[in-house]
Amino acid sequence: MQTMESVALIRQFIEACVRAEPDEFAAYFTEDAIWWNAPWSAVKGRAAIREALRRGAERMTALPWEIRHIVAEGSVVMTERVDNFVVGQRHVSVPCMGIFELKDGKIAAWRDYWDVKQFEAQVVSPPTERSLA
């Protein structure tokens, strides 16, 4: 996969993440993909990834995610993002770094790194401008 195609695929995937439709989401992954949403445990396999998204969507609603930077080399794409959600009545914004490894036009591995304490604090109280920097 060429670099521009890789970036386009991940941009499309991030839009699909916001829609949070489990079948659409899972279709982006290889059968044996790994999704590691650090600091939680890795999820292995397309079916398990689909189920993890379905369960997550029951607890929160995704809002549009902001891509601050996206770079790629071949089939590896890295994103700096702010992922936005509604949890209960709270708007939660989580800065995060994501690494995607692509194989045959699908996501073979997705690793996101973010601060769970920052997420949890926002569920209790609204985010401040400082927390998003």
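One-based numbering along the sequence shown.
Residues Trp114 and Pro95 form no side-chain contact, since every pair of their non-hydrogen atoms from C-beta on lies 4.5 Å or further apart. In this structure, the side chains of Val18 and Asn84 stay at 4.5 Å or more apart for every pair of heavy atoms. A heavy-atom distance below 4.5 Å is found between the side chains of Val77 and Leu102. Two residues are said to be in side-chain contact when any heavy atoms from C-beta on lie closer than 4.5 Å; Asn37 and Val43 fail this criterion. Using a 4.5 Å cut-off on side-chain heavy atoms (C-beta onward), Ser41 and Trp36 make no contact.
Summarising the geometry of Cys96 relative to Asp83, their closest heavy-atom pair is SG-OD2, 3.8 Å, with the distance given to 0.1 Å. A pairwise comparison of heavy atoms in Asp23 and Arg50 identifies OD1-NE, 2.6 Å as the closest pair. Taking each heavy atom of Ala27 and Lys106 in turn, the nearest pair found is O-NZ, 2.6 Å. Ala16 and Tyr28 get closest at one heavy-atom pair: CB-CE1, 3.7 Å. Across all their heavy atoms, Trp65 and Cys17 have their closest contact at CH2-CB, 3.5 Å. The two residues Gly74 and Ser6 come nearest to each other via the heavy atoms O-OG, 2.8 Å.
Looking at Lys103 and Glu101, no side-chain N of the basic residue comes within less than 4.0 Å of a carboxylate O on the acidic one, giving no salt bridge. Under the 4.0 Å criterion applied to side-chain N and carboxylate O atoms, Lys44 and Asp32 are not assigned as salt-bridge partners. A salt bridge does not link Glu58 with Arg55: none of the charged nitrogens is closer than 4.0 Å to a carboxylate oxygen.
Grouping the Ile, Leu, Val, Met, Phe, Trp and Tyr side chains by contacts below 4.5 angstrom, directly or via other members, places Ile107 with Val7. Trp40 and Met97 fall into different hydrophobic clusters, where Ile, Leu, Val, Met, Phe, Trp and Tyr are joined by side-chain heavy atoms under 4.5 Å apart, directly or via other members. Leu63 and Val87 fall into different hydrophobic clusters, defined by Ile, Leu, Val, Met, Phe, Trp and Tyr side-chain heavy atoms under 4.5 Å apart, directly or through other members. Linking Ile, Leu, Val, Met, Phe, Trp and Tyr whenever their side-chain heavy atoms come within less than 4.5 Å puts Leu53 and Val116 in one cluster. Linking ILVMFWY residues whenever their side-chain heavy atoms come closer than 4.5 Å, directly or via other members, leaves Ile10 and Met78 in distinct clusters.
Rounding to the nearest 0.5 angstrom, the gap separating the CD1 atom in Ile34 from the CH2 atom in Trp110 is 14.0 Å. From Arg111, atom CZ reaches atom CD1 of Ile99 across 5.5 Å, with rounding to the nearest 0.5 Å. Expressed to the nearest 0.5 Å, how far CD1 of Ile14 lies from CD of Glu66 amounts to 11.5 Å.
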Task: CA sep, side-chain torsions, deciding dist, call: Asp112, Trp35, side-chain hydrogen bond (donor to acceptor under 3.5 Å, both in side chains) - done: CA-CA 8 Å; Asp112 267 351; Trp35 175 23; 5.0 Å; no
- [ ] Evaluate salt bridge (charged side-chain N to carboxylate O under 4.0 Å, His left out) for Glu15 paired with Arg11, printing each intermediate quantity in order.
- [x] CA-CA 6 Å; Glu15 291 172 7; Arg11 285 187 184 280; over 6 Å; no
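Here the two rings, on Phe29 and Phe13, have centers that are under 6.0 Å apart.
Panel note: side chain Gln118, backbone Val94; no donor-acceptor pair is recorded below 3.5 Å. No donor-acceptor pair closer than 3.5 Å links the side chain of Arg46 to the backbone N or O of Ala33.
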